[in-house]
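Below is one structure, written out as structure tokens; comments come after it.
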Amino acid sequence: MLIKRKRGWEMPEHLATPEHVFLNRRAILAGMAAAGATALSGGPALAAPYPARRNETYTLDRPLTPEKITGNYNNFYEYGTSKKVASAAEQLKTEPWSVRIDGMVAKEMTLSVDDIVAKIGLEERLYRHRCVEAWSMAVPWTGFSLAKLVALAAPTSAAKFVRFETFNDPKMAPGLAQSWYPWPYVEGVTMAEAGNDLAFIATGIYGKALPKVFGAPIRLVLPWKYGFKSIKSIVRVSFTDKRPVGMWEQLQASEYGFWANVNPEVPHPRWSQATETFLNTGERVPTQLFNGYGPYVADLYKGLEKERLWA
Ligand SMILES: Nc1nc2c(c(=O)[nH]1)N[C@H]1C(S)=C(S)[C@@H](COP(=O)(O)O)O[C@H]1N2
Ligand SMILES: [Mo]
């Protein structure tokens, strides 16, 4: 091969491919294709959605966590309570998959993930992720801002919240037969949160479509909130004037609330949130307010100080 594209998530963030270099490589590759070059093993892949161009707005203060770590340490309770659910999650059937958009919208609709991607397009972003259990990772998601999906859905002015729901088919996930959980997995955000550019819908990670265990084929990513808000394998997006009750809130409201913004100074009832264990290294590092995303999101919570914003 004449050109080997280095993968950004394999190197520290400061060494990752800057956007202009990436674009130049694409231009070179396109030029070679036009010239009839045959050396390209991935010819048609030039038109494929992965890897997507990186949006450099969001930068990391730590190295990316390799897939061999993040793909073997997951929370996906539909497949059990252990972190080793990757092989069980292979039962998830992602084709066909459709997402129902309903509630307070101009017109309810059902779209395939391919339709959504074709209409909106994809970009890559490097985000930190902080689980409420006090572990953390940093990963390259591919997807688009949730605001673009909201625009596509065209909610009416009566809508105040977006409610997300995961599939609920025990044939695809044995955990769903466990009746002590109030399935399906549900999560929600306010319309203002949904309109913040940081709120992201992921269809990919590590430069390819989401492996099943990460919540294929389409999931939410809210990096300033505890990880349980980032609902996986979404089948339904509803616009509503009632605050959604998430599955964890329904199960244990004293520990898991609606807002769940990361705050090192507000402990979970059973453990401190002051620090987190970085999955890469096992290193214990201080947790940051809003997981370090305060400059982007703190304004969302002005005037809401009486709410239980932190758990
Ligand atoms: N449907 C569904 N979504 C979910 C969960 C889950 O169990 N089911 N776990 C949540 C939690 S607690 C975390 S930390 C993240 C984990 O995402 P990851 O496995 O891709 O790292 O997914 C969140 N989304
Ligand atoms: Mo989590």
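Numbering starts at 1 and runs along the sequence shown. Computed from heavy atoms alone, side chains included, the values below leave out hydrogens, waters and symmetry copies. As the structure lists them, so they are numbered: ligands from 1, and atoms in each ligand from 1.
- The atoms of ligand 1 that sit less than 4.0 Å from any heavy atom of E78 are 1 (N), 2 (C), 6 (C), 7 (O), 8 (N).
- Atom 18 (P) of ligand 1 has K232 NZ, 3.4 Å as its closest protein atom, hydrogens excluded (heavy atom only).
- A parallel orientation is assigned to the rings of Y226 and F228, their planes being inclined by less than 30° (bins at 30° and 60°).
- The ring of Y301 has its center closer than 6.0 angstrom to the ring center of F290.
- For an aromatic pair to be called close, the ring centres must be under 6.0 Å apart, and W248 with Y77 satisfies this.
- Under 4.0 Å from ligand 1, the heavy atoms of T166 that appear belong solely to its side chain.
- Contact annotation: for M137 versus ligand 1, heavy atoms closer than 4.0 Å belong to the side chain alone.
- Under a 4.0 Å criterion applied to the non-hydrogen atoms of C131, ligand 1 contributes the atoms 14 (S).
- For I231, the closest heavy-atom approach to ligand 1 falls below 4.0 Å.
- When heavy-atom distances to ligand 1 are checked against a 4.0 Å cut-off, E133 has no atom that comes that close, whether in backbone or side chain.
- Closest to atom 12 (S) of ligand 1 among all protein heavy atoms lies N75 ND2, 3.4 Å.
- Ranking the protein heavy atoms by distance from atom 24 (N) of ligand 1 puts S230 O, 2.9 Å first.
- The option with the heavy atom closest to atom 10 (C) of ligand 1, from among F76, Y185, Y77, is Y185.
- Counting heavy atoms closer than 4.0 Å to ligand 1, residue Y256 contributes nothing at all.
- K119 NZ: 12 or fewer foreign heavy atoms inside a 6.0 Å radius.
- Separation of the H129 and W135 ring centroids falls under the 6.0 Å cut-off.
- With respect to atom 20 (O) of ligand 1, the closest heavy atom belonging to the protein is R219 NH1, 2.7 Å.
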